[in-house]
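Throughout, protein chains are lettered first and strands after them, A, B, ... in sequence-line order, and every chain is numbered starting at 1. Only this structure's heavy atoms are used, side chains among them; waters, hydrogens and symmetry mates stay out.
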Protein chains: 2
Amino acid sequence: MGTLAPPTRDRLLVAAKELIEDGGYAAASVVAIAERAGVAAGTLYRHFASKEELFVEVFRSVCEREERTMRVAAAEMGDTASAAERLQAVFTTFARRALRNPRLAWALIAEPVDPRVDAERIAYRERYAELVAAGLSAGIAAGELPRQDVKLTAAALVGGCGEALVGPLSPLSAGDPDAEEIVAALRTFVGRAVGMR
Amino acid sequence: MGTLAPPTRDRLLVAAKELIEDGGYAAASVVAIAERAGVAAGTLYRHFASKEELFVEVFRSVCEREERTMRVAAAEMGDTASAAERLQAVFTTFARRALRNPRLAWALIAEPVDPRVDAERIAYRERYAELVAAGLSAGIAAGELPRQDVKLTAAALVGGCGEALVGPLSPLSAGDPDAEEIVAALRTFVGRAVGMR
DNA sequence: TACCATTGTGAATCGAGATTCACAAGGAGG
DNA sequence: CCTCCTTGTGAATCTCGATTCACAATGGTA
């Protein structure tokens, strides 16, 4: 047998992700997911103990990819880059990806969900914040950045950038000038906020 | 008759607010609200067309007070204060109040709700952001602050500070060192982020 | 007293989804 | 061919909270 037809389980995961991508969690009901995957509602329960379990898995795979991408972006800056530049690279990457897929980004960053899925969401946000906090600490140790409460700065930046980009008070909500312009403005903001010289 | 017993309508509003204060929207079901107000569930519908309408009213009254308090804080700085100092005062006030009542603050700022209530929530967030944006613009016009995308900075600050203080990735979630220490760290962060000299 | 408006009651009803379950439909092994 | 196991089906069921509604009280007015 060829690998032409993905197994049902995978089709369910993909269907759920796609539905969330353009309608948020509300659009991803069990019936809708099953329909998009081309199976009956009951079939979902042959592969997942519950809808939440499926969501958790979708979450993990998407967030892992995001985190990896941001780490790579920081690493790719090379040895000559300053800590602040590395952090700007992280947020620039974050921003470009979020702007490309705002609905999904919103779902990952802030949209509310059932407790178990929420726990997963918060765990990944914390990983993003830790990534940022580590960058800040490195910069402070190297004397490039001013002393500061790194946890607070990291949380404010992760939360704030997420909000500013895809949140309900995003400037984007009304009229999207140009993604690259926004990315540039965000880069400036991050630079100032971390205390870049 | 004296004014000793508040009218039912007011008791329902207060009950809803108190429930949200320490359990978020999830805790504020119609039955719970009615019970706390000392009436039957059906009574709520004698005073409000729906649960959402009641929430909208709770929202308005709380947010109006918050906004007023922040404006006053900015104004009280006097004529000698710089734009950055005024903005720091706004966020310091915001932070103290949020730290005193984190659950309510989170509900007002970010917790998701039904669309109609959400519209109200977003409207007030925008007013906070506009307040900040106006302060930024004044500072730029006066040559005190660097040119920047004021809407983005304002959105990132409002969202970010809310998140950092009471959000799911708040450093406070695990161990509360000291409110004033956090307020101080936030003041520093805001100063840097707006480009204070 | 009779009448009507307002306010309160709380059990019954609704609605929207998630979840279950009795019943196929293959397919592998004996 | 028989049996067991896995996977799929989709209508029926369950859950849970908002909402309704037939039925009191209460109080004011004619």
Side-chain angles (χ1 to χ4, degrees), chain A residues 1-20 22-59 107 111-121, chain B residues 1-20 22-59 107 111-121:
Chain A
M1 19 121 161
T3 49
L4 295 177
T8 302
R9 188 187 155 85
D10 291 346
R11 271 183 303 137
L12 285 166
L13 287 167
V14 170
K17 185 197 151 199
E18 288 172 348
L19 283 167
I20 292 172
D22 55 51
Y25 296 112
S29 69
V30 169
V31 172
I33 294 169
E35 194 173 307
R36 181 174 256 258
V39 297
T43 301
L44 189 150
Y45 294 87
R46 290 280 176 220
H47 299 278
F48 302 93
S50 68
K51 184 195 177 184
E52 294 192 348
E53 197 175 278
L54 182 158
F55 274 12
V56 166
E57 208 162 317
V58 169
F59 232 88
E111 196 177 3
V113 266
D114 311 87
R116 272 171 59 193
V117 185
D118 211 53
E120 205 63 28
R121 187 166 68 64
Chain B
M1 17 113 166
T3 48
L4 294 175
T8 303
R9 187 187 155 86
D10 291 346
R11 284 207 319 267
L12 285 166
L13 286 167
V14 170
K17 185 197 152 200
E18 288 172 349
L19 284 167
I20 292 172
D22 56 51
Y25 296 111
S29 68
V30 169
V31 172
I33 294 169
E35 194 173 306
R36 180 174 258 258
V39 297
T43 300
L44 190 151
Y45 293 88
R46 291 278 176 219
H47 300 277
F48 302 92
S50 68
K51 184 194 178 186
E52 293 192 347
E53 197 175 280
L54 182 157
F55 274 12
V56 165
E57 208 161 317
V58 170
F59 234 87
E111 195 177 1
V113 265
D114 311 87
R116 272 172 57 192
V117 186
D118 211 52
E120 206 63 28
R121 189 167 66 65

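Both A/Gly38 and B/Leu44 lie near DNA chain D, and the one whose nearest nucleotide falls closer to the 5' end is A/Gly38.
Residues A/Leu54 and A/Phe59 have side chains not in contact (no heavy-atom distance under 4.5 Å, counting atoms from C-beta outward).
Applying the 4.0 Å criterion to OP1 and OP2 of D/dG8, one finds that A/His47 has a side-chain N or O inside that range. In terms of phosphate contacts, A/Thr43 brings no side-chain nitrogen or oxygen within less than 4.0 Å of OP1 or OP2 of D/dT7. For the pair B/Thr8 and C/dG8, the criterion of a side-chain N or O lying under 4.0 Å from OP1 or OP2 is met.
Closest non-hydrogen pair, B/Phe48 versus B/Arg9, comes out as CE2-NH1, 3.6 Å.
In this entry the distance linking CZ of B/Phe48 with C1' of C/dT7 reads 14 Å, nearest Å. Atom CG in B/Leu12 sits roughly 12 Å away from atom C1' in C/dT7 (whole-Å rounding). For the pair B/Asp114 CG and C/dA16 P, the interatomic distance rounds to 14 Å; values are reported in whole Å. To the nearest angstrom, P of D/dT19 lies 10 Å from CD1 of B/Ile33. Between the OH atom of B/Tyr25 and the P atom of D/dC16 there is a distance of 23 Å, given to the nearest Å. For the pair B/Glu53 CD and D/dA18 C1', the interatomic distance rounds to 15 Å; values are reported in whole Å.
Remark: the B/Arg46 side chain and the B/Thr43 side chain contain no N/O donor-acceptor pair separated by less than 3.5 Å.
Checking C/dG10, D/dT9, C/dT19 against every side-chain atom of B/Ala40, the shortest atom distance belongs to C/dG10. Closest to the side chain of B/Arg46, from the set D/dC23, C/dA22, D/dT19, is D/dC23. Minimum atom distance to the side chain of B/Lys51 is reached by D/dA18, of the listed D/dA18, C/dG8, D/dT9. Among C/dT9, D/dT19, C/dG17, the nucleotide with an atom closest to any side-chain atom of B/Tyr45 is D/dT19.
At the heavy-atom level, A/Val39 lies under 4.0 Å from the strands shown only through sugar-phosphate atoms.
Between the B/Lys17 side chain and the B/Leu12 main chain, no donor and acceptor come within less than 3.5 Å of each other. Remark: side-chain polar atoms of A/Tyr25 are paired, donor with acceptor, to backbone N or O of A/Ala107 under 3.5 angstrom.
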